[in-house]
Amino acid sequence: MTVYSVKQLLASVAPVESEVTVKGWVRNRRDSKAGLSFVSISDGSCFDTIQVIAETNLTNYESEILSLTKDCAVIATGKLVASLGGGQKYEIQASKIEVTGFVESPDTYPVSPKRHTVEYLREHAHLRIRTNLMSSVMRVRNTVSMAIHDYLQTNGFNWVHTPLITASDCEGAGELFKVTTLDLANPPRDEKGKVDFKQDFFGRESYLTVSGQLNVETYCMGLSKVYTFGPTFRAENSNTTRHLAEFWMVEPEIAFANLMDDATLAQGMLKHVFKTVLNKNSDDMGFFAQFIDKNVVTRLERMVNDDFEMITYTDAMKRLEASGKSFENPLYWGVDMASEHERFLCEELVGKPTIVTNYPKDIKAFYMRQNDDGKTVAAMDILAPGVGEIIGGSQREERYDVLVARMMEMGIEPESLSWYLDLRRYGSAPHAGFGLGLERAVSYITGVQNVRDIIPFPRTPKSATF
RNA sequence: GCCUCAAUAGCUCAGACGGUUAGAGCGACGGACUGUUAAUCCGCAGGUCGUAGGUUCGAUUCCUACUUGAGGCGCCA
């Protein structure tokens with residue numbers, strides 16, 4: 001007898017009529033008084049279950065099999081046969097079913113075999129992976145992660161493991177979580193009575209990173225094509241369906257590249273990811289199409305074939321104004337687009353992912369490269385219908401004098417980022433990069449609207465239970 | 001951080017202008033039937049109506065605070 005995953009069994013990896021073993025959790029049991037029970041088993045390897053036929057000749061048929069409920073853990077062994085019933089290709093004629101764990105009190109077991117709301121499942125995050133919804137989301141999340149690696153590795157990128165702890169508080173992307181080993185009830189004080197961080201672990205104030213970008217830029221200036229892929233932390237008090245305090249981000253950075261190279265890379269990577277998901281997770285996507293949003297598959301297919309729309313910020317403002325639509329938030333050149341503007345632009349006016357380029361410099365970060373017009377920077381945001389911004393990127397300012405001047409204008413002490421400025425003094429090269437929010441991308445792909453249901457254990461304000 | 005909404009059975013919800021025994025569907029459990037597959041049919045159990053105060057003869061229902069959750073906005077990925 002050989003152990004197989006459900007996926008292998010359904011994919012004809014095991015010879016028919018051979019003895020096989022499968023290990024997993026019961027999704028459903030149906031009894032027939034003809035003297036047999038149908039036990040559907042899931043092991044997470046794929047969307048579908050394998051049907052195991054248990055007959056009365058099993059020694060534990062009366063004592064255990066007839067008591068199996070959803071999510072009892074079992075090891076089933078038997079002969080793999082062509083299914084006698086419709087609905088599946090193969091099934092297992094069990095010779096032995098070992099129950100390694102029953103479910104206590106199935107009447108109050110949180111993940112009962114019925115439809116649950118995502119809010120309810122979130123409160124049982126340690127058990128929610130046993131639902132079709134969450135297991136499909138997690139398989140797609142895995143595919144997306146590996147497709148990103150695959151695309152970048154195939155194109156010669158190096159994965160750089162940038163630090164999660166940082167000492168620079170001016171990365172420019174929101175509030176930071178403080179990292180300290182000081183006794184908060186009784187911290188050491190300096191002569192002015194302030195907390196003396198010289199005595200802290202790193203000898204200075206330190207934080208969890210809000211972006212690996214500044215660090216990865218340094219490795220870009222030696223490895224040419226690099227990316228970060230890891231968790232990122234924002235202490236913003238954001239309460240929305242698309243914000244997490246801890247989320248995963250991919251940040252490619254390319255040397256000798258401009259904004260157009262950056263946009264081309266972003267588009268190529270997204271298309272590869274979409275195509276891979278359509279190929280590898282068609283059953284999961286079919287589930288989303290049936291229960292979440294019927295458009296998810298056709299939307300992705302169109303995305304793979306069509307190019308994204310590219311439009312400058314200035315033209316986007318013109319189109320929004322010309323649309324005659326009235327908005328809650330002010331709309332004029334120089335203001336940052338509000339969610340309603342971004343959504344109307346990419347959902348109504350364009351109807352597909354939209355790359356907005358060349359934003360006014362005053363609403364963007366200090367490191368973005370100034371355009372010759374003196375008013376805009378070489379930035380881009382990629383907006384996805386239904387989700388909003390999934391990518392933010394830019395060509396970086398590689399000119400030392402311009403960068404320092406910009407930092408001074410924005411009140412950032414150049415001395416605090418001297419190592420970052422050194423890149424512009426020692427062999428500076430034009431370069432560009434972007435950040436992709438992994439949860440937002442998977443949210444867009446699956447149609448599952450809240451990023452709290454895209455990450456295994458969401459961290460949000462006032463919530464870190466599991 | 002701001003605004004809005006919600007909290008009644010294991011889950012999703014209905015309900016009572018404040019008045020004896022609070023309902024349904026799903027799930028669980030028991031039974032019937034069946035190579036079944038979100039099975040079907042019948043039956044049974046299951047509730048201090050989020051917490052604490054207040055108004056009232058009487059509050060699960062009205063009021064206040066709190067807690068928790070959700071949605072929108074802002075911040076952004």
Side-chain angles (χ1 to χ4, degrees), chain A residues 27-41 48-55 66-67 69-70 81 83-88 91 93 103-124 131-132 171-175 210-213 231-251 266 287 290-291 327-329 336-340 342-343 363-365 381-384 387-393 434-444 449-452 454-455 460-463 465:
Chain A
R27 271 292 160 75
N28 195 309
R29 187 192 95 239
R30 299 170 296 277
D31 303 319
S32 166
K33 277 297 176 294
L36 68 162
S37 293
F38 304 95
V39 183
S40 298
I41 295 177
D48 289 316
T49 55
I50 184 97
Q51 176 162 282
V52 175
I53 313 301
E55 301 197 46
L66 287 179
S67 303
T69 58
K70 180 168 184 299
V81 297
S83 181
L84 300 177
Q88 61 277 318
E91 61 192 21
Q93 200 75 41
V103 167
E104 290 178 21
S105 50
D107 55 326
T108 55
Y109 174 58
V111 194
S112 55
K114 72 180 290 293
R115 290 181 74 169
H116 295 286
T117 59
V118 287
E119 291 82 12
Y120 172 74
L121 291 172
R122 225 173 274 154
E123 293 176 5
H124 302 275
T131 61
N132 284 335
E171 289 173 346
E175 296 294 312
V210 294
S211 163
Q213 181 202 316
T232 300
F233 307 89
R234 305 267 167 99
E236 298 286 346
N237 191 9
S238 296
N239 296 287
T240 78
T241 56
R242 63 210 120 79
H243 287 87
L244 294 164
E246 176 182 304
F247 64 99
W248 283 62
M249 189 154 65
V250 182
E251 297 170 290
F287 173 79
Q290 190 181 349
F291 287 102
F327 295 103
E328 298 280 317
N329 295 283
D336 204 0
M337 274 193 266
S339 293
E340 58 172 341
E342 292 181 342
R343 293 191 60 159
I363 58 175
K364 288 293 182 183
D381 283 359
I382 299 186
L383 312 176
V387 182
E389 184 181 342
I390 58 173
I391 279 183
F434 64 83
L436 167 72
L438 183 67
E439 288 77 16
R440 288 187 185 178
V442 177
S443 171
Y444 176 67
Q449 293 196 326
N450 197 322
V451 291
R452 293 166 199 166
I454 300 295
I455 194 166
T460 53
K462 301 278 188 291
S463 176
T465 305

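In what follows, every heavy atom counts, from backbone to side chain, and hydrogens, waters and symmetry copies are set aside.
- Looking at heavy-atom distances under 4.0 Å, A:Gln51 makes contact with a base.
- One can find a donor-acceptor pair under 3.5 Å joining the base of B:rC75 and the side-chain atoms of A:Ser238.
- Here A:Ala441 lies out of heavy-atom contact (under 4.0 Å) with every strand.
- Few gaps surround CD on A:Glu340; more than 12 heavy atoms of other groups in view lie less than 6.0 Å from it.
- Of the candidates B:rA39, B:rA28, B:rC73, the closest approach to any side-chain atom of A:Asn329 belongs to B:rC73.
- Using a 4.0 Å cut-off between a side-chain N of Lys or Arg and a carboxylate O of Asp or Glu, A:Lys364 and A:Asp381 qualify as a salt bridge.
- A donor atom on one side chain and an acceptor atom on the other are found under 3.5 Å apart for A:Ser83 and A:Gln88.
- Base contact: A:Ser32 has a heavy atom under 4.0 Å from a base atom.
- When distances run from any side-chain atom of A:Lys114 to the nucleotides B:rC73, B:rU12, B:rC75, the shortest one goes to B:rU12.
- Across all strands, A:Thr49 comes closer than 4.0 Å to no nucleic acid atom at all (heavy-atom distances).
- Contact annotation for A:Ser83: base contact, defined as any heavy-atom pair under 4.0 Å involving a base atom.
- Spacing between B:rG10 and B:rU48 at atom P, rounded to whole Å, works out to 8 Å.
- Distance from the side chain of A:Ser339 is smallest to B:rG74 among B:rA77, B:rG35, B:rG74.
- Within 4.0 Å (heavy atoms only), A:His243 reaches at least one base atom of the nucleic acid.
- A donor atom on one side chain and an acceptor atom on the other are not found under 3.5 Å apart for A:Gln449 and A:Ser443.
- Between the CD atom of A:Gln88 and the P atom of B:rU36 there is a distance of 11 Å, rounded to whole Å.
- Partners of A:Glu55 according to the side-chain contact (heavy atoms from CB on, under 4.5 Å) rule, which considers only residues two or more places apart in sequence or in another chain, are A:Leu36, A:Ile53, A:Asn57, A:Gln93.
- Here the separation of B:rC49 from B:rA6, taken at their C1' atoms, is 14 Å to the nearest Å.
- Using a 4.0 Å heavy-atom criterion, one finds that A:Asn237 contacts the bases of the nucleic acid, with or without backbone contacts as well.
- Residue side chain A:Arg234 reaches the base of B:rA77 through a donor-acceptor N/O pair under 3.5 Å, judged by distance alone.
- A donor-acceptor contact closer than 3.5 angstrom links the side chains of A:Arg27 and A:Asn132.
- B:rU56 and B:rC62 have their C1' atoms separated by 10 Å, with the value rounded to a whole Å.
- Secondary-structure stems of RNA chain B, taken as three or more successive Watson-Crick or G-U wobble pairs (i with j, i+1 with j-1) under a 3.5 Å distance threshold, comprise B:1-7 with B:67-73, B:10-13 with B:23-26, B:29-32 with B:40-43, B:50-54 with B:62-66.
- Residue A:Glu91 places a side-chain atom within donor-acceptor reach of the base of B:rG35, judged by atom type and a 3.5 Å distance cut-off alone.
- For A:Asn239, the listed nucleotide lying nearest its side chain is B:rG72; candidates were B:rU36, B:rA77, B:rG72.
- Side-chain proximity of A:Pro106 to B:rC2, B:rA28, B:rG10: nearest is B:rA28.
- In this structure, A:Arg29 reaches neither bases nor backbone, as no heavy-atom distance under 4.0 Å exists between it and the strands shown.
- Between B:rC33 and B:rC41, the two C1' atoms lie 8 Å apart (nearest whole Å).
- Residue A:Asn28 places at least one side-chain N or O under 4.0 Å from the OP1 or OP2 atom of B:rA39.
- Among the heavy atoms of the strands lying under 4.0 Å from A:Arg122 are primed sugar atoms or P, OP1, OP2 only; no base atom is included.
- Residue A:Arg452 has its side chain nearest to B:rG71 when only B:rU12, B:rU34, B:rG71 are considered.
- Taking the nucleotide of RNA chain B with the nearest heavy atom to each of A:Ile53 and A:Asn450, the more 5' of the two is matched to A:Ile53.
- Residue A:Leu84 is classed as a base contact, given a heavy-atom separation below 4.0 Å to a base.
- Position along RNA chain B of the nearest nucleotide to A:Thr240 versus A:Gly87 favours A:Gly87 as the more 5'-ward residue.
- Residue side chain A:Glu119 does not reach the base of B:rU12 through any donor-acceptor N/O pair under 3.5 Å, judged by distance alone.
- Separating the C1' atom of B:rC26 from that of B:rA45 is a span of 15 Å, rounded to the nearest Å.
- Among the heavy atoms of the strands lying under 4.0 Å from A:Phe38 is at least one base atom, whether or not backbone atoms are also near.
- Taking all atoms of both residues into account, the shortest heavy-atom contact from A:Glu342 to A:Met337 is CG-CB, 3.9 Å.
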